[in-house]
Each structure stands twice: as structure tokens, then as C-alpha cells.
Trainee: 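One structure, as C-alpha cells, below. Some questions next.
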Amino acid sequence: MKKKIALIFGVTGQDGSYLSEFLIKKGYMVHGIKRRSSSFNTGRIDHIYQGPFENKRNFFLHYGDVTDAISVSSLIKKIKPTEIYNLAAQSHVGVSFEVPEYTADVSGIGTIRLLDAIKSFNPKIKFYQASTSEIFGNSPDKPYNEKSRFEPVSPYGTAKLYSYWTTVNYRNAYSMFASNGILFNHESPRRGENFISRKTVIGLINILTGKQKCLYVGNLYSKRDWGHAKEFVEAQWKILQNKVPDDFVIATGKNYSVKDLINLVLKKLNIKFAWKKDKKGLEYA
Ligand code: NAP
């Protein structure tokens with residue numbers, strides 16, 4: 001049987017690296033798109049890199065960028081994938097307030113560049129869009145499911161909502177197999193270091209080893225549903241193996257606060273602590 005070919009935009013990110021490993025194990029030929037960068041950006045996939053002279057290669061990297069329609073469409077034409085995973089994004093909510101137009105371009109319009117290239121070249125290619133629980137934002141319909149209203153509250157959330165609806169529209173208008181995975185937070189040792197999970201672990205280890213004095217965080221009582229990225233990429237694959245294209249919420253169903261996370265890391269590191277409040281009411285441990 002002919003091997004399935006996966007094309008991953010965002011291969012150098014947390015999910016892209018786990019998804020590549022997963023698909024290689026499943027017997028896929030995996031092609032990943034990396035951006036040109038002045039410093040190395042392949043740290044998460046270096047362990048699966050295969051050089052051009054290796055025999056029986058099943059992992060290939062190409063330069064490309066979802067802000068560049070020419071590269072997107074020529075890559076799809078050249079690689080002829082059976083499945084495309086669009087994980088490429090400016091994925092940081094806080095940063096999206098600093099670079100809103102860029103976030104809209106990458107995390108929003110990038111998706112229509114991919115979908116339109118698929119429509120023109122081969123509408124039978126299956127398409128996965130990395131949507132996010134951030135599209136629910138302030139929606140009152142808790143607990144959220146696929147029918148909940150969307151009320152995003154950040155440039156990242158609005159860009160991703162554009163991608164969500166674009167995916168739905170291409171599915172309906174052109175009968176394409178295009179699905180959204182509306183994923184809640186998922187973490188791992190490969191998560192970007194400016195996200196709260198990694199920031200907490202790295203910050204507290206640095207305090208323990210005397211490299212850092214304090215770890216400052218925002219709202220201690222902000223709650224998140226945190227899963228593991230390795231399990232969530234399997235859900236991404238399963239979404240494309242479903243008989244029909246559709247949209248799916250992926251979550252663990254359990255919420256923990258930032259304070260719970262900090263408590264857990266402090267315990268794991270055997271650091272004795274007690275929470276106190278300063279004169280302004282700010283909590284510290
Ligand atoms: P990530 O680690 O930030 O990875 C994002 C990937 O997109 C990186 O490979 C990045 O390349 C690439 N990228 C950024 N701009 C690009 C561009 N213009 N053209 C091509 N590639 C570009 O994110 P992640 O945690 O793996 O998440 C994967 C996807 O799921 C993202 O779309 C994210 O928004 C979404 N999502 C994530 C979560 C979560 O909790 N992790 C939850 C819901 C949805 P560089 O390595 O060069 O920066």
C-alpha cells in the first residue's frame with residue numbers, strides 16, 4: 001500500500017515535533033515546513049532529523065512561511081500530501097497584543113492561503129486546523145463544547161476565530177475534508193519558555209540553584225485545563241481519520257489554577273513554602 005504523506009506547517013513547534021514523531025511511527029512520510037531564522041529553530045526536531053544522503057528517509061524539512069502564498073502553494077504542489085496539519089501560528093496570547101496585525105496575518109490569513117491552495121491543487125487533501133479554546137474567550141456558555149458561542153478577547157483569539165470559520169466555510173462551500181481541533185492548553189517539556197508552565201518550572205529551578213531571585217506571575221487564580229501535548233497530537237491525527245470532517249473540542253475536563261501549578265512544582269522540588277500577603281495584598285511564597 002502507498003504510504004500516506006503528511007505535511008506539517010509549524011513542525012518546529014511543540015505540537016509539530018510530537019506530531020512528527022507520532023506520524024513517523026504510524027508509517028507516514030512526514031514533510032515539515034520550517035521558517036528561515038537567523039538562529040537555529042529546529043531544537044525540538046533535531047533528534048529526528050534525517051540528512052539528504054540517508055537511506056529510506058521518512059522525514060523531510062522544507063523552508064516556507066504561511067505569510068507567503070507562493071511558498072505555500074508550491075510546497076503543496078511539490079509534496080502532494082494526503083493530509084495537511086496547520087499548526088503554524090504566532091501562538092502567544094500576550095504577544096498578540098504587541099503584534100496584532102502580524103498575528104492576524106500568520107494565525108488568521110495564513111489559514112486561507114493553505115485552504116485555497118488545497119482547493120486549487122487537490123481538494124481531496126485532508127486539512128487539520130489548530131484551533132484553540134481562546135476562541136471561547138468570555139463566552140458565558142460554560143462548560144464549553146462545540147456548540148458554545150465564541151467571544152474571543154485577544155488578537156490571537158480573533159485571528160484563530162477567523163481561521164476556524166474559514167475552515168468551516170471551505171468544508172461547506174467546496175466539500176473539502178477540513179476540520180478544526182479546538183484544543184485547550186497542552187504542555188510538555190517542549191513548550192515555549194515564555195508560557196506559564198515552563199516559566200514556572202524554569203523560574204523555580206533557577207531560584208533553587210541561586211540563578212534567579214523571584215518569579216513574578218500574573219493572576220494566581222486564573223484557571224486552565226492543562227493536558228499533555230503528546231496525547232493531544234494523537235487527537236489531531238484522529239480528527240483527520242474520522243469518517244467525516246467536523247469540529248472537535250479536545251480537553252481533559254479538569255481545571256487547575258496557576259497557584260495549583262506553582263504549589264505542585266514547589267512540592268516536586270521539595271521546596272518548603274507558605275503563602276503570605278504583603279501590605280498591598282499581593283500574595284507571595
Ligand atoms: P508553538 O510551539 O508556538 O509552534 C508554532 C509553530 O508555528 C512553530 O513551528 C513556529 O515556527 C511556526 N510558525 C510561526 N509563524 C510561522 C509562519 N509565519 N510560517 C510558518 N510557520 C510559522 O505552538 P504549539 O504549542 O506547538 O501549538 C501548535 C498550534 O496549536 C498553534 O497554532 C497554536 O496556536 C495552537 N494551539 C496550541 C495550544 C497549546 O496549549 N499549546 C492550545 C490550542 C491551540 P518557529 O519555531 O520558527 O517559531
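Order of listing sets the numbers, starting from 1, for every ligand and every atom in it. This chain uses plain numbering: 1 for the first residue, then up along the sequence.
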Trainee: Tell me whether Glu101 at atom CD has more than 12 heavy atoms from other residues, nucleotides or ligands lying less than 6.0 Å away.
Mentor: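 At most 12 heavy atoms, drawn from other residues, nucleotides or ligands, come within 6.0 Å of this atom.
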Trainee: Where does Glu134 meet ligand 1, judged by heavy-atom distances below 4.0 Å: at the side chain, the backbone, both, or neither?
Mentor: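 Neither part.
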Trainee: Who's closest to atom 33 (C) of ligand 1 heavy-atom-wise, of Tyr156, Tyr18, Phe195?
Mentor: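 Result: the heavy atom closest to atom 33 (C) of ligand 1 is in Tyr156.
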Trainee: Specify the protein heavy atom at minimum distance from atom 31 (C) of ligand 1: its residue, its atom name, and the distance to 0.1 Å.
Mentor: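 The answer is Leu87 O, 3.2 Å.
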Trainee: Determine, for Tyr18 and Lys230, whether the Lys NZ or Arg CZ falls below 6.0 Å from the six-membered ring centre while staying within 45 degrees of the axis.
Mentor: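 Cation-pi check for Lys230 and Tyr18: fails.
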Trainee: Give a yes or no on whether a salt bridge exists between Lys26 and Glu83, defined as a side-chain N under 4.0 angstrom from a carboxylate O.
Mentor: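 Looking at Glu83 together with Lys26, the answer is no, because their closest N to O distance does not fall below 4.0 Å.
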Trainee: Identify whether the distance between the nearest side-chain nitrogen and carboxylate oxygen of Asp247 and Arg171 falls below 4.0 Å.
Mentor: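 Counted as a salt bridge, because a side-chain N and a carboxylate O are separated by less than 4.0 Å.
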Trainee: Specify side chain, backbone, both or neither for Ser37, according to which of its non-hydrogen atoms lie closer than 4.0 Å to ligand 1.
Mentor: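 Looking at Ser37 and ligand 1, no heavy atom falls under 4.0 Å.
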Trainee: Show me which atoms of ligand 1 lie under 4.0 Å from any heavy atom of Ser131.
Mentor: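 Under 4.0 Å from Ser131, ligand 1 has these atoms: 43 (C), 44 (C).
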Trainee: Tell me the nearest of Arg36, Arg35, Gln90, Glu187 to atom 13 (N) of ligand 1, using heavy-atom distances.
Mentor: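 Heavy atom nearest to atom 13 (N) of ligand 1 belongs to Arg35.
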Trainee: Identify, by atom number and element, the atoms of ligand 1 in contact range of Arg191, meaning under 4.0 Å from any of its heavy atoms.
Mentor: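 Selected atoms, number and element: 25 (O), 39 (C), 40 (O), 41 (N).
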Trainee: So does Glu193 pair up with Arg198, basic N to acidic O under 4.0 Å?
Mentor: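 Counted as a salt bridge, because a side-chain N and a carboxylate O are separated by less than 4.0 Å.
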Trainee: Distance to 0.1 Å, residue and atom name: give those for the protein heavy atom nearest to atom 5 (C) of ligand 1.
Mentor: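 Nearest neighbour among protein heavy atoms for atom 5 (C) of ligand 1, to 0.1 Å: Ala89 O, 3.8 Å.
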Trainee: Can you give me every donor-acceptor pair (side chain of residues 2-11, partner residue at least two apart or in another chain, under 3.5 Å) with its distance?
Mentor:
{"residue": "Lys4", "atom": "NZ", "partner": "Gln241", "partner atom": "OE1", "Å": "3.0"}

Trainee: I want to know if ligand 1 touches Gly64 in the polar sense, i.e. an N/O pair below 3.5 angstrom.
Mentor: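 The answer is no, given that Gly64 and ligand 1 share no N or O pair closer than 3.5 Å.
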Trainee: Measure the distance from atom 26 (O) of ligand 1 to every protein heavy atom, then report the residue, atom name and distance (to 0.1 Å) of the closest one.
Mentor: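 I find the closest protein heavy atom is Asp15 N, 2.8 Å.
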Trainee: Among all the protein's non-hydrogen atoms, which is closest to atom 1 (P) of ligand 1, and how far away is it?
Mentor: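 That would be Ser91 OG, 3.7 Å.
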Trainee: If we only consider heavy atoms of Ile33, is any one of them less than 4.0 Å away from an atom in ligand 1?
Mentor: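 Flag not set, Ile33 not near ligand 1.
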Trainee: Looking only at the aromatic ring of each residue, does the gap between the centers of Tyr170 and Phe127 stay below 6.0 angstrom?
Mentor: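 No, the ring centres sit 6.0 Å or more apart.
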Trainee: Using a strict threshold of under 4.0 Å (side-chain N to carboxylate O), is an ion pair present between Arg113 and Asp105?
Mentor: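 A salt bridge links Asp105 with Arg113.
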Trainee: List ligand 1 atoms under 4.0 Å from Asn185, heavy atoms only on the residue side.
Mentor: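 In order of number, 40 (O).
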Trainee: Looking at atom 9 (O) of ligand 1, what's its closest protein heavy atom, distance included?
Mentor: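 It is Thr12 OG1, 2.7 Å.
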Trainee: Is Tyr256 atom OH crowded by more than 12 heavy atoms from other residues, nucleotides or ligands, each under 6.0 Å away?
Mentor: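 Check fails, neighbour count at 12 or below.
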Trainee: Write out the residue and atom name of the closest protein heavy atom to atom 2 (O) of ligand 1, then the distance separating them to 0.1 Å.
Mentor: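 For atom 2 (O) of ligand 1, the nearest protein heavy atom is Gln14 N, 3.1 Å.
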Trainee: With heavy atoms only and a cut-off of under 4.0 Å, state how His92 meets ligand 1: side chain, backbone, both or neither.
Mentor: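 For His92, there is no contact with ligand 1 at all, from either part.
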Trainee: If you measure every N or O of Val106 against every N or O of ligand 1, does any of those distances drop under 3.5 Å?
Mentor: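 Min N/O separation from ligand 1 is not below 3.5 Å for Val106.
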Trainee: If you measure from each non-hydrogen atom of His186 to ligand 1, which part falls under 4.0 Å: side chain, backbone, both or neither?
Mentor: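 For His186, backbone and side-chain atoms both sit under 4.0 Å from ligand 1.
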Trainee: Please list the nearest protein heavy atom to atom 21 (N) of ligand 1 with its residue and the distance rounded to 0.1 Å.
Mentor: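 Residue, atom and distance for the closest contact: Ala88 CB, 3.4 Å.
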Trainee: Between the side chains of Asn169 and Thr166, is a donor N or O closer than 3.5 angstrom to an acceptor N or O?
Mentor: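 There is no such pair (donor and acceptor under 3.5 Å, judged by atom type) between the side chains of Asn169 and Thr166.
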Trainee: Does the pair Ile262 and Trp275 meet the rule for a side-chain contact (heavy atoms from CB on, under 4.5 Å), with working shown?
Mentor: CA-CA 11 Å; Ile262 296 173; Trp275 287 95; 4.0 Å; yes
Trainee: Do other residues, nucleotides or ligands put more than 12 heavy atoms under 6.0 Å from the CG atom of Leu208?
Mentor: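 Yes, the 6.0 Å shell around CG holds more than 12 heavy atoms from other groups.
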Trainee: Would one find an N or O of Lys160, backbone or side chain, under 3.5 Å from an N or O of ligand 1?
Mentor: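 Yes: some nitrogen or oxygen of Lys160 is under 3.5 Å from one in ligand 1.
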Trainee: Hey, do the aromatic rings of Phe195 and His92 have their centres closer than 6.0 Å?
Mentor: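 Yes, the ring of Phe195 comes within the 6.0 Å limit of the ring of His92, centre to centre.
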Trainee: Do me a favour and list the nearest non-hydrogen protein atom to atom 4 (O) of ligand 1 with residue, atom name and distance?
Mentor: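 Of the protein heavy atoms, Gly13 CA, 3.4 Å lies nearest.
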